[in-house]
Colleague: 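First, the structure itself, so that you have it in front of you.
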Amino acid sequence: MVSSNWFRLALAFGLGLILLVVSCAPAAEPTIAPTTAPPTPTSPPPTTAPTLAPGVTPTATPTAAPVTIATPRPPTPTPAPAVVQPRRGGTLISTALGIFGMASWEECCSEYAKMINDSVLEYIPSNKFIGGDEEIGSRMAYEWSVSKDGLSWTFKLEDGMKAALPKAVTGGYDGAVDTGFEAVNCEDVAWSIMTIRSGEGLRRTMRGRTFVPVTGVECPDPLTVVVKTKWPYAALPGMLAAAINDIKPKDFWKDRLKDIPIWVVGSGPWKLERVLPGELQTFIPNRYYHRKAADGKPYPYLDRVEFRDIPYTACSAALRTGRVHMCGGGGASHYNQADTLFKEAPHLEFLGPFRAEDNPEWGAKGFLPNNAIFLMAHHGKAPWNNVKLREALSLALDRRTLCDIGIEKWCVPGGFIYVVGTPWNLPKDQVQSYPGYNISTVDQNVAKARQILTDLGYKLYPDSKALTIDLPAWGFTGDFTQGPTIEMLRRAGFNPNYYIPEFQRILSQVVAGEFEVVAWDQLVTQPDPNQICYEHYFTGSDRNYGRYGSATADELCHKMGQELDKTKRIALAHQFHKLILDEHARATFLWRGGALAQSPNVKGRRISSNYGSSMNRMEDWWLAK
């Protein structure tokens, strides 16, 4: 009985070894299925045992000694990360966005407008911390095309877009209650584009020049938009993707444009609930919003967004103590407060490279929003209409010192005019070849500036007859540039009268052109080069505050917009960049960087260094708890 059991055990081991060898054999090459049916196989003839001659004893076939095969232990599979489904509900709390309101057509940089209104297309936030986002995706339009001659663009709109209409009350309206909706279709897109272009009914149109090539908008049917242009306009999708070129419902707005700062109505994911001046603003979902999330329900995920009026200088403390989930809406830049926050608040979530060595190409900390800081001379006023004097102003600036000390390396110095990191700019080494932008030759730059002033007949500071610069600055720009800039300009021979007036005063003063030189910063709303040249440098543009005017620059801007080939567009953008540097249109200090910190409960947030993207719509943001 024992021997029988051993026999069975040996038999089982042998069969198991055979199966192991078979299972370890390499897999056969995959075969391609034939296009025709294979022939029916025929059965092989039956096998018969061989016949042996009489008297012959069969010889047993020798068997090989068993071989032990060592099979490697398969690696323990790594479990796939659990897919966390967005959670609906909750109130996200942020510090207020400050001075900018909802009037995107009349202001430079309205954050709230992105929440309330929608745009035809969108720049897709890509979580890149430098270089801008250039990928354009669908938004109100789900597809678009251009004619062979490049003069007609067709956009197919989503069906079912609606804007909630608020209940009017004495002195304004009740945003928590709506009285129905207005359908949004081609007529609204056409009216919005042409109103931005012409400025009719507006106090000013910040981006009117970006639609200069548009001759009209046609509506073959309610959901088809056809934009006609006088020449091929490669930049048009980018202009329609800029969240700040939002689409407003025509019937509601056509007679209310004078009330843009008061009424807030659009077809975006949110509607304004209430405003307590100096305290807070709250937003609740637009129940008619047409875009749906993965769960089949409409965006947004959150029940409410609350902006508290806390100064940016106090936002880090509010974030550290849990009073807010984040600072400053979607932008939330802490600048030179971020170093302390990074060391002392490990419970927060930090986004982006917080050390300069993490960003070796640029040597800057944080991500780079499209925000340039510069000295801007009035080109229409003597003596600043003299290009040599503007050159001396540029040579006087020690950009590296200002960047390293004034803002603690949360910046990139230099004369870039497009969003830093995009191919539209000249390469860094070329930019640094222009007067004042070689940050390693500061002493030589200052000597040249002093020589230019002497050649122009000016005395040098501290002489009482030195050229006095009446130099106002605004807001944050003045906070960190004032002291260093005064010393730099004096060293170069200027006599600066640097002061920081109240914001609304300096804004109206600059818009009206009532200045000689001003310290300013300017948000660039998107990475397309035509937006830069049309909005900031084109003759007569509402946002060309320095009154720079050049027929050559205007022509280059037009050509850039007409070129559909990107390589050729880049070459034209470089020509334009060279011209701006040659003529010292502005003396750029630096491009300001920033850092992002937030509560780890905030989810779904995507980052963009392109201010014109949809990152701040907050429709797909959610709270973990």
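These figures come from a predicted structure and were not determined experimentally.
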Colleague: Say whether Tyr534 and His558, considering side chains only, have a donor N or O and an acceptor N or O under 3.5 Å apart.
Modeller: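 There is such a pair between these side chains.
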Colleague: Ring of Phe538, cation from Arg209 - is the NZ or CZ under 6.0 Å from the centre and inside 45° of the axis?
Modeller: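 Because its charged atom misses either the 6.0 Å distance or the 45° angle limit, Arg209 does not stack over Phe538.
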Colleague: Looking only at heavy atoms, what is the nearest atom pair of Arg320 and Ala345, with distance?
Modeller: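 The pair with the smallest heavy-atom distance is CG-CB, 4.2 Å.
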Colleague: Do Thr401 and Asp398 have a side chain donor and acceptor closer than 3.5 Å?
Modeller: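 Side chains of Thr401 and Asp398: pair found under 3.5 Å.
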Colleague: Is Leu393 close to Leu375 at the side-chain level, that is, under 4.5 Å between some pair of heavy atoms?
Modeller: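 SC-SC contact between Leu375 and Leu393 confirmed.
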Colleague: Does any part of the side chain of Tyr545, heavy atoms only, come nearer than 4.5 Å to the side chain of Val518, both counted from C-beta?
Modeller: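 No, every pair of side-chain atoms sits at 4.5 Å or beyond.
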Colleague: Is atom NZ of Lys568 surrounded by more than 12 heavy atoms (other residues, nucleotides or ligands) closer than 6.0 Å?
Modeller: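 Counting neighbours around NZ of Lys568, 12 or fewer heavy atoms of other residues, nucleotides or ligands fall under 6.0 Å, so no.
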Colleague: With a 3.5 Å distance limit and no angle check, can you tell me whether Asp542 reaches the backbone of Thr205 through a side-chain donor-acceptor pair?
Modeller: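 Confirmed, Asp542 side chain pairs with Thr205 backbone.
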Colleague: Using the side chain to side chain contact (heavy atoms under 4.5 Å, CB included) rule, take Leu319 and Leu348 through it: C-alpha gap first, then chi angles, then the decisive distance, then the call.
Modeller: CA-CA 8 Å; Leu319 181 61; Leu348 298 176; 3.8 Å; yes
Colleague: Kindly give the heavy-atom pair with the smallest separation between Ser550 and Glu583, and that separation in Å.
Modeller: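 Closest pair (atom of Ser550, atom of Glu583, distance): CB-OE1, 4.0 Å.
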Colleague: Kindly say whether Gln531 contributes a backbone atom to a donor-acceptor pair with the side chain of His536 at under 3.5 angstrom?
Modeller: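 Such a contact is absent between His536 side chain and Gln531 backbone.
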Colleague: Do we get Arg586 above Tyr537's six-membered ring, with its NZ or CZ under 6.0 Å from the centre and within 45° of the axis?
Modeller: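 The answer is yes; both the distance and angle limits are met.
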Colleague: Are any non-hydrogen side-chain atoms of Ile452 and Leu389 less than 4.5 angstrom apart?
Modeller: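 Not in contact.
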Colleague: Could you tell me whether the side chain of Thr95 reaches within less than 4.5 Å of the side chain of Met326, counting heavy atoms only?
Modeller: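 Heavy-atom side-chain distance check fails, nothing below 4.5 Å.
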Colleague: Gln430: which residues meet the side chain to side chain contact (heavy atoms under 4.5 Å, CB included) condition with it, sequence neighbours left out?
Modeller: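 If we apply the side chain to side chain contact (heavy atoms under 4.5 Å, CB included) test to Gln430, skipping adjacent residues, the hits are Leu426, Pro427, Lys578.
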Colleague: Minimum heavy-atom separation for Lys114 to Ala243, with atom names?
Modeller: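 In terms of heavy atoms, the two residues are closest at CG-CB, 3.6 Å.
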Colleague: What distance do Leu453 atom CG and Lys388 atom NZ have between them, rounded to the nearest 0.5 Å?
Modeller: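 Spacing of CG (Leu453) from NZ (Lys388) equals 11.0 Å.
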Colleague: Under 3.5 Å, is there a donor-acceptor pair between the Glu514 and Gln509 side chains?
Modeller: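 There is no such pair (donor and acceptor under 3.5 Å, judged by atom type) between the side chains of Glu514 and Gln509.
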Colleague: Could you give me the CA-CA distance, side-chain angles and deciding distance for Cys557 and Cys533, then say whether disulfide (SG to SG under 2.5 Å) is met?
Modeller: CA-CA 6 Å; Cys557 192; Cys533 66; 1.9 Å; yes
Colleague: Mark yes or no for whether Asn544, through its side chain, and Gly540, through its backbone, hold a donor-acceptor pair below 3.5 Å.
Modeller: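 Not confirmed, Asn544 side chain does not pair with Gly540 backbone.
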Colleague: To the closest 0.5 Å, what do you measure between CG (Leu151) and OG1 (Thr215)?
Modeller: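 Nearest 0.5 Å value for the CG-OG1 distance: 8.5 Å.
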Colleague: Give a yes or no answer on whether the side chain of Arg207 reaches the backbone of Glu535 with a donor-acceptor pair at less than 3.5 Å.
Modeller: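 Between the backbone of Glu535 and the side chain of Arg207 there is no qualifying donor-acceptor contact (under 3.5 Å).
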Colleague: Output yes when a side-chain donor or acceptor of Ser394 lies under 3.5 Å from a complementary backbone atom of Glu391, and no otherwise.
Modeller: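 No; zero donor-acceptor contacts below 3.5 Å.
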Colleague: Can you measure from CG (Leu471) to CD (Gln482) and round to the nearest 0.5 angstrom?
Modeller: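 It comes to 9.0 Å.
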Colleague: Evaluate His577 against Leu556 for side chain to side chain contact (heavy atoms under 4.5 Å, CB included), listing each step before the verdict.
Modeller: CA-CA 10 Å; His577 193 174; Leu556 272 174; over 6 Å; no
Colleague: Write down the atom of Pro237, the atom of Trp153, and the distance for their closest heavy-atom approach.
Modeller: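 Nearest heavy atoms, Pro237 then Trp153: CG-CZ3, 3.4 Å.
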Colleague: Is it possible for you to check whether Arg569 lies under 6.0 Å from the centre of the six-membered ring of Trp424, through NZ or CZ, and within 45° of that ring's axis?
Modeller: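 Geometry flag: set, cation within 6.0 Å and 45°.
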Colleague: Does His378 have its ring centroid less than 6.0 Å away from the ring centroid of Tyr548?
Modeller: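 No, ring centres 6.0 Å or more apart.
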Colleague: Step by step, work out the side chain to side chain contact (heavy atoms under 4.5 Å, CB included) result for Asn117 and Ile247.
Modeller: CA-CA 6 Å; Asn117 300 298; Ile247 304 302; over 6 Å; no
Colleague: With rounding to the nearest 0.5 angstrom, report the CZ to SG distance, Arg308 to Cys315.
Modeller: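 It is 14.0 Å, given to the nearest 0.5 Å.
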Colleague: Side chains of Asp554 and Thr539: is there a donor and an acceptor less than 3.5 Å apart?
Modeller: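 Per modelled atom types, Asp554 and Thr539 side chains form a pair under 3.5 Å.
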Colleague: For the pair Cys403/Cys411, is the SG to SG distance below 2.5 Å?
Modeller: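 Yes; the two sulfurs sit under 2.5 Å apart.
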Colleague: Restricting to non-hydrogen atoms, name the atom on Tyr461 and the atom on Ala466 that form the minimum distance, rounded to 0.1 Å.
Modeller: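 Nearest heavy atoms, Tyr461 then Ala466: N-CB, 3.4 Å.
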Colleague: Shortest non-hydrogen contact from Ser119 to Arg139?
Modeller: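 Here Ser119 and Arg139 meet closest at O-CG, 3.0 Å.
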Colleague: Please answer whether the main-chain N or O of Leu590 pairs with a side-chain N or O of Thr588 as donor and acceptor at a distance below 3.5 Å.
Modeller: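 Absent.
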Colleague: Can you find a pair of side-chain heavy atoms, one from Ile136 and one from Ile124, that are under 4.5 Å apart?
Modeller: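 No - every pair of side-chain heavy atoms lies 4.5 Å or more apart.
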Colleague: Any heavy-atom pair between the side chains of Tyr498 and Thr485 that's under 4.5 Å?
Modeller: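 They are in side-chain contact.
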Colleague: Do Leu236 and Phe211 make a side-chain contact, defined as non-hydrogen atoms from C-beta onward lying under 4.5 Å apart?
Modeller: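 Side chain of Leu236 against side chain of Phe211, heavy atoms only: contact under 4.5 Å found.
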Colleague: Can you measure from CZ (Arg204) to OG (Ser541) and round to the nearest 0.5 angstrom?
Modeller: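 Answer for the CZ-OG pair, Arg204 versus Ser541, is 9.0 Å.
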Colleague: For Glu200, does the CD atom have more than 12 heavy-atom neighbours from other residues, nucleotides or ligands under 6.0 Å away?
Modeller: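 12 or below, so no.
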Colleague: Determine the sole option in Leu121, Ile196, Ile244, Asn530 for which the side-chain contact (heavy atoms from CB on, under 4.5 Å) test with Met239 is passed.
Modeller: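 Only one of Leu121, Ile196, Ile244, Asn530 forms a side-chain contact (heavy atoms from CB on, under 4.5 Å) with Met239, namely Asn530.
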Colleague: Are Asn385 and Arg390 close enough, and set up right, to give a side-chain hydrogen bond (donor to acceptor under 3.5 Å, both in side chains), and what steps lead you there?
Modeller: CA-CA 8 Å; Asn385 54 357; Arg390 298 197 301 270; over 6 Å; no
Colleague: Both conditions, 6.0 Å and 45 degrees, for the charged tip of Arg399 above the ring of Tyr437: are they met here?
Modeller: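 Satisfied, under 6.0 Å and within 45°.
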Colleague: Assess the residue pair Val324 and Ser94 against the criterion (side chain to side chain contact (heavy atoms under 4.5 Å, CB included)); give the C-alpha distance rounded to whole Å, side-chain angles, the decisive distance to 0.1 Å, and a yes or no.
Modeller: CA-CA 5 Å; Val324 298; Ser94 173; 5.6 Å; no
Colleague: Give the intermediate values and the outcome of ring-ring contact (aromatic ring centres under 6.0 Å, His included) for residues His379 and Trp384.
Modeller: CA-CA 6 Å; His379 289 248; Trp384 298 102; 9.9 Å; no
Colleague: What's the separation between atom OG1 in Thr468 and atom CG in Asn497, rounded to the nearest 0.5 Å?
Modeller: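 These two atoms lie 8.0 Å from each other.
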Colleague: With distance as the sole test, does Asn425 use its side chain to make a donor-acceptor pair with the main-chain N or O of Val419 at under 3.5 Å?
Modeller: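 Answer holds: yes.
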Colleague: Between the side chain of Lys381 and the main-chain N/O of Val517, is any donor-acceptor distance below 3.5 Å?
Modeller: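 Between the backbone of Val517 and the side chain of Lys381 there is no qualifying donor-acceptor contact (under 3.5 Å).
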Colleague: Heavy atoms, side chains only, cut-off 4.5 Å: are Trp520 and Ile506 in contact?
Modeller: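 Heavy-atom side-chain distance check passes, below 4.5 Å.
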